[in-house]
Amino acid sequence: MGMNPVSLFLLSFFCVLSSVGLFCNANNTITRVRPIREGESLISENKIFELGFFSPENSTLRYVGIWYHNIQPQTVVWVANREAPISDDSGVFTIGGDGNLVISSANETLVWSSRASILSGNETTAVLADTGNFILSRSDSIGDIDKAYWQSFRDPTDTFLPHMRAYVHSDIGEIRPFTSWRSRNDPSLGNYSMSIDSRGAPQIVILDGSKRRWRSGHWNSQIFLGIPNMTLVANYLYGFKLNNDGFGNVYFTYIPNDSSHLLRFHLKWDGMDEQLRWDEDAKQWQKMQSQPANECEIYNYCGNFTTCSVFDSPKCRCMDGFEPTRQEQWRRGNWTDGCKRKTQSQCQRNGSVAGGGGGEDGFKALTGMKLPDFADMVRLTASETCKEQCSANCSCIAYANVPSIGCLIWSENLVDVQHFDKGGSSFFLRLADSELGGKRKLSTPLIVVIAFAGVFFLGIFIWFLLRLKEKLKVLPASIPPSLIRNSEMPVFEVSKEYSTDLSGPAELLMVGNDINGPELPMFSFDFVAASTNNFSEENKLGQGGFGPVYKGKLPGGQDVAVKRLSRKSGQGLEEFKNEIILIAKLQHRNLVRLLGCCIMGEEKMLLYEYMPNKSLDCFLFDPAQQTLLDWNKRFIIILGIARGLLYLHRDSRLRIIHRDLKASNILLDEDMNPKISDFGMARIFGVSENEANTNRVVGTYGYMAPEYAMEGLFSVKSDVYSFGVLLLEIVGGRRNTSFRLTEQMTLVAHAWDLWSERKAMELVDLSIQESCSPDEVLRCIHVGMLCVQDSASSRPSMDSVLLMLESETATLPLPRQPTFTSMRSSLDTETFAECQESHEIASSKELTVTILVGR
């Protein structure tokens with residue numbers, strides 16, 4: 001049956017509409033049957049980029065390229081056939097028989113090909129995306145970069161665009177550098193290239209041929225350390241991110257804060273790298289920054305072992321301990337030969353090889369610097385420091401411990417070091433002892449003379465002491481306030497009981513010598529009794545784990561807290577000595593200060609600075625007091641505890657592991673500033689230790705790391721675990737142990753459940769939910785979850801913790817689910833004292849039975 005005229009017309013009309021629709025939807029794609037010829041172009045979906053044939057200014061040669069649509073003058077960001085231009089208008093850009101993109105000229109002469117490996121018979125399509133990426137893939141996966149056979153973003157020319165991947169490591173093909181044009185109007189390969197150097201921490205480098213022209217400095221997970229203005233969060237440099245897709249591909253991307261802005265990084269034909277933003281009002285590209293911006297940014301401008309600063313005159317200076325290699329050239333302003341050592345290091349003098357001892361060498365800190373090039377990253381054990389690693393290796397001439405990077409060491413000439421006016425990093429330069437103010441070895445005859453004189457004067461001194469002893473009288477119990485207040489003058493009262501009972505106290509006097517006795521006053525028993533009103537109940541602050549704590553008042557009016565050890569307490573002479581040795585050597589605003597001690601017979605007492613607001617748990621876990629700790633105060637307390645721990649782990653003269661960090665051991669001064677207290681269980685780590693083992697597990701239930709509770713293994717990461725628990729308690733306002741009768745069993749498990757369900761804000765204490773900063777709270781919870789990882793090696797160090805807490809833009813790794821929680825047994829006799837009566841909560845200091853519950 002035939003079709004009537006109306007039906008035929010309608011059918012033809014819809015066919016035409018369908019054809020038009022197909023054409024309109026295809027104006028950003030190329031297929032085998034839909035090529036691009038001269039005069040035609042592709043335009044991305046939202047009309048941001050355009051692809052087609054173009055000629056540079058003042059040139060008749062034809063290239064296939066990508067440029068910004070509707071921006072004049074034409075701004076080209078990618079060129080295909082940059083080494084094989086077409087001299088006429090015969091060019092065709094299409095998909096060849098093997099599925100690759102090809103450019104051909106007259107007589108179908110092949111000019112360029114994408115050269116991808118494509119299975120025979122696969123139909124392919126190429127699409128121009130709004131990112132500026134031109135993507136070749138199977139026709140059933142159009143635009144999918146994870147399934148792309150080829151893409152222009154992986155075959156770049158001279159422009160780095162947002163969302164582009166600049167690869168550091170790749171398992172899916174060659175990493176091609178960005179390469180400048182040969183000249184302003186010639187897209188062929190130029191003299192300059194830009195890529196990522198993966199040695200040590202990644203950094204961007206610009207090469208002039210094979211020689212370095214500029215480098216960005218090392219990436220620290222937030223910024224490139226050699227570009228100081230990257231620290232300005234609001235600027236357009238702040239958008240880089242290092243990514244790992246889990247398949248061996250590590251790459252940088254750049255995502256601008258405002259996606260509506262058109263931004264690009266352009267490696268110009270003259271070797272300058274510019275960051276530009278399109279100013280729609282002015283209709284021009286605005287230059288945000290360019291590198292190298294001055295002479296000091298030109299690679300190794302002053303030569304080896306120098307620093308360069310545009311704020312100094314002259315710009316170039318030798319590093320400490322070094323002098324110009326060629327004095328006359330240096331005076332004329334020719335610095336290319338750099339500097340040389342004034343004095344050989346001990347390693348050089350001894351001819352030691354790598355791995356040899358460091359001799360008498362020392363290290364000089366150079367601050368505010370762009371770190372030298374060619375650093376190697378070193379993995380440290382839990383007890384090692386970067387300085388120790390460098391000291392033990394004669395080939396190491398400098399080191400730096402960089403937050404979020406770790407330990408970097410240099411074993412080659414120190415090159416390309418710039419001194420910044422603001423910001424910068426610190427590194428430590430190995431120098432001979434004499435260059436650090438040390439003295440040269442004395443000759444043998446002079447040593448004999450000095451020794452003889454020393455013996456002579458020592459004899460006179462002993463004779464003087466013997467004469468003085470005959471006249472020495474015991475000081476009265478009422479000590480003048482002026483003497484008490486002078487911390488450099490020891491206060492002693494030696495009673496008959498003390499002087500005759502030498503079992504213990506005599507040993508403790510030796511401890512006094514170990515801690516530089518004159519720095520720590522010793523008080524008599526009668527004096528301490530008088531200061532506390534004879535240890536009256538009115539002066540009792542509470543019952544601690546090792547005995548009562550009293551409030552005392554020194555004659556000068558200073559309030560003190562007196563910790564009187566019970567004769568039946570678990571803290572014996574060793575723990576008491578331990579606490580004195582440790583605290584007497586520690587000075588930090590977030591550690592409680594020890595003012596003195598008293599030893600007489602079996603009496604052992606410590607005098608601390610008085611903390612009027614008692615301990616953190618008195619506020620944190622008391623519903624009536626919680627409201628006094630708003631979020632701002634809690635965040636300050638968190639940062640203070642972190643700084644105190646960092647001091648113990650890294651910055652103090654001793655490397656100390658606290659082993660009993662908990663809310664009741666955080667005291668609060670009159671301004672609610674936190675101070676870590678109770679060092680009876682602390683442990684000093686030796687330089688060669690990365691962890692220690694004990695059969696006597698000490699600490700408090702709920703705060704102990706799994707490896708410590710299970711195996712008695714402890715390290716600085718044990719304290720990190722305790723800090724993580726404490727951090728979650730401060731955010732949540734509940735004890736870790738308060739969940740013991742719930743399904744989750746612990747606050748840590750409860751926090752993970754909320755975190756994994758994206759409900760982390762439900763963890764926050766109700767009393768601060770209205771006043772808190774969600775970003776800060778979520779960052780704290782994230783850091784807390786990282787700190788309580790099962791594996792000690794997966795937990796961050798305290799310097800990384802502090803950096804993550806203080807930085808609003810730090811990229812935090814994702815935590816894994818904590819699977820074990822230390823649970824006390826029924827034999828645990830932990831008791832809880834009322835905070836209104838106690839300066840610290842009593843706790844079981846020694847847990848001999850530990851159960852681990854897997855989740």
Side-chain angles (χ1 to χ4, degrees), residues 38-39 41 48-89 91 93 103 105 111-112 128 132-134 152-153 155-162 164 166 176-195 204-216 236-237 254 261-280 282-295 297-299:
E38 280 285 352
S41 66
I48 299 174
F49 287 98
E50 186 172 354
L51 179 149
F53 287 88
F54 78 99
S55 292
E57 187 178 1
N58 300 324
S59 173
T60 59
L61 298 177
R62 302 297 284 169
Y63 301 85
V64 170
I66 298 173
W67 57 89
Y68 288 93
H69 182 63
N70 287 337
I71 286 183
Q72 295 297 330
Q74 187 182 54
T75 304
V76 178
V77 298
W78 180 79
V79 183
N81 56 320
R82 58 190 308 188
E83 290 295 298
I86 300 174
S87 59
D88 54 32
D89 59 0
F93 189 32
I103 301 174
S105 61
V111 171
W112 176 89
L128 178 62
N133 194 8
F134 192 47
S152 62
F153 272 13
D155 190 13
T157 52
D158 64 340
T159 302
F160 178 72
L161 296 172
M164 206 168 189
R176 299 187 181 181
F178 296 83
T179 309
S180 68
W181 287 23
R182 182 169 294 276
S183 68
R184 189 187 308 274
N185 300 319
D186 182 357
S188 63
L189 295 174
N191 296 325
Y192 301 97
S193 61
M194 183 169 62
S195 58
I204 302 171
V205 293
I206 297 177
L207 299 178
D208 180 356
S210 60
K211 296 180 180 179
R212 297 195 179 212
R213 170 174 167 79
W214 174 85
R215 66 187 181 94
S216 65
Y236 287 93
L237 276 173
Y254 176 84
H261 289 168
L262 297 180
L263 289 137
R264 61 190 175 101
F265 293 84
H266 180 213
L267 179 60
K268 295 175 60 183
W269 65 272
D270 59 1
M272 296 295 293
D273 178 45
E274 294 181 337
Q275 183 187 22
L276 304 118
R277 179 176 70 90
W278 178 251
D279 187 335
E280 183 62 30
K283 299 296 182 183
Q284 65 181 14
W285 288 100
Q286 179 185 1
K287 184 165 66 177
M288 310 303 298
Q289 59 89 28
S290 64
Q291 307 290 350
N294 54 62
E295 288 178 317
E297 291 193 349
I298 295 175
Y299 189 81

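Among residues two or more places apart in sequence or in another chain, the side chain to side chain donor-acceptor pair (under 3.5 Å) test is passed with Trp67 by Glu50. Not a single salt bridge (Lys or Arg N to Asp or Glu O under 4.0 Å) links Asp208 to another residue, sequence neighbours left out. With sequence neighbours excluded, no residue forms a ring pair (Phe, Tyr, Trp, His ring centres under 6.0 Å) with Trp181. Glu83 pairs by the salt bridge (Lys or Arg N to Asp or Glu O under 4.0 Å) definition with nothing, not counting sequence neighbours. Every residue meeting the side-chain contact (heavy atoms from CB on, under 4.5 Å) condition with Pro292, not counting sequence neighbours, appears here in chain and number order: Arg213, Trp214, Met272, Glu297, Ile298. Applying the side-chain contact (heavy atoms from CB on, under 4.5 Å) criterion to Asp88, with sequence neighbours excluded, gives Ile86, Ser90. For Ser152, the side chain to side chain donor-acceptor pair (under 3.5 Å) partners are Asn133, not counting sequence neighbours. Here Tyr299 pairs with Asp373 under the side chain to side chain donor-acceptor pair (under 3.5 Å) rule; sequence neighbours left out. Partners of Gln74 by side chain to side chain donor-acceptor pair (under 3.5 Å), not counting sequence neighbours: none found. Under the salt bridge (Lys or Arg N to Asp or Glu O under 4.0 Å) criterion, Lys287 pairs with Glu274, sequence neighbours left out. Here Lys211 pairs with nothing under the salt bridge (Lys or Arg N to Asp or Glu O under 4.0 Å) rule; sequence neighbours left out.
For the atom pair CG of Leu267 and CD1 of Ile204, the computed distance is 11.0 Å after rounding to the nearest 0.5 Å. Here the straight-line distance linking atom OG1 of Thr159 with atom NZ of Lys268 works out to 12.0 Å at 0.5 Å rounding. Taking CE of Met194 as the start and CZ of Phe265 as the end, the distance is 8.5 Å to the nearest 0.5 Å. For the atom pair His69 NE2 and Ile48 CD1, the distance stands at 10.5 Å (nearest 0.5 Å). Going from atom CD of Glu57 over to atom CG of Asp186 covers 13.5 Å, rounded to the nearest 0.5 Å. Expressed to the nearest 0.5 Å, how far CD of Gln286 lies from CZ of Arg277 amounts to 4.5 Å.
Between Tyr63 and Phe53, the distance separating the two ring centers is not shorter than 6.0 angstrom.
Shortest non-hydrogen contact noted between Ala293 and Ser290 is CB-O, 3.5 Å. The two residues Ile66 and Phe134 make their nearest non-hydrogen contact at CD1-CB, 3.9 Å. Residues Ala166 and Phe178 share a closest heavy-atom pair of CB-CE1, 4.5 Å.
The shortest distance between side-chain heavy atoms of Asp273 and Phe160 does not fall below 4.5 Å. Within the 4.5 Å cutoff, the side chain of Val205 has heavy atoms near those of the Ser195 side chain.
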Can you give the donor-acceptor pairs under 3.5 Å from side chains of residues 75-82 to other protein atoms, not counting sequence neighbours?
from: Thr75; atom 1: OG1; to: Pro73; atom 2: O; distance (Å): 3.2
from: Thr75; atom 1: OG1; to: Trp285; atom 2: NE1; distance (Å): 3.0
from: Trp78; atom 1: NE1; to: Asp155; atom 2: O; distance (Å): 2.9
from: Asn81; atom 1: OD1; to: Val64; atom 2: N; distance (Å): 2.9
from: Asn81; atom 1: ND2; to: Arg62; atom 2: O; distance (Å): 3.4
from: Asn81; atom 1: ND2; to: Ala84; atom 2: O; distance (Å): 3.0
from: Arg82; atom 1: NE; to: Pro187; atom 2: O; distance (Å): 2.7
from: Arg82; atom 1: NH1; to: Thr179; atom 2: O; distance (Å): 3.4
from: Arg82; atom 1: NH2; to: Thr179; atom 2: O; distance (Å): 3.2
from: Arg82; atom 1: NH2; to: Ser180; atom 2: O; distance (Å): 3.0
from: Arg82; atom 1: NH2; to: Pro187; atom 2: O; distance (Å): 3.0

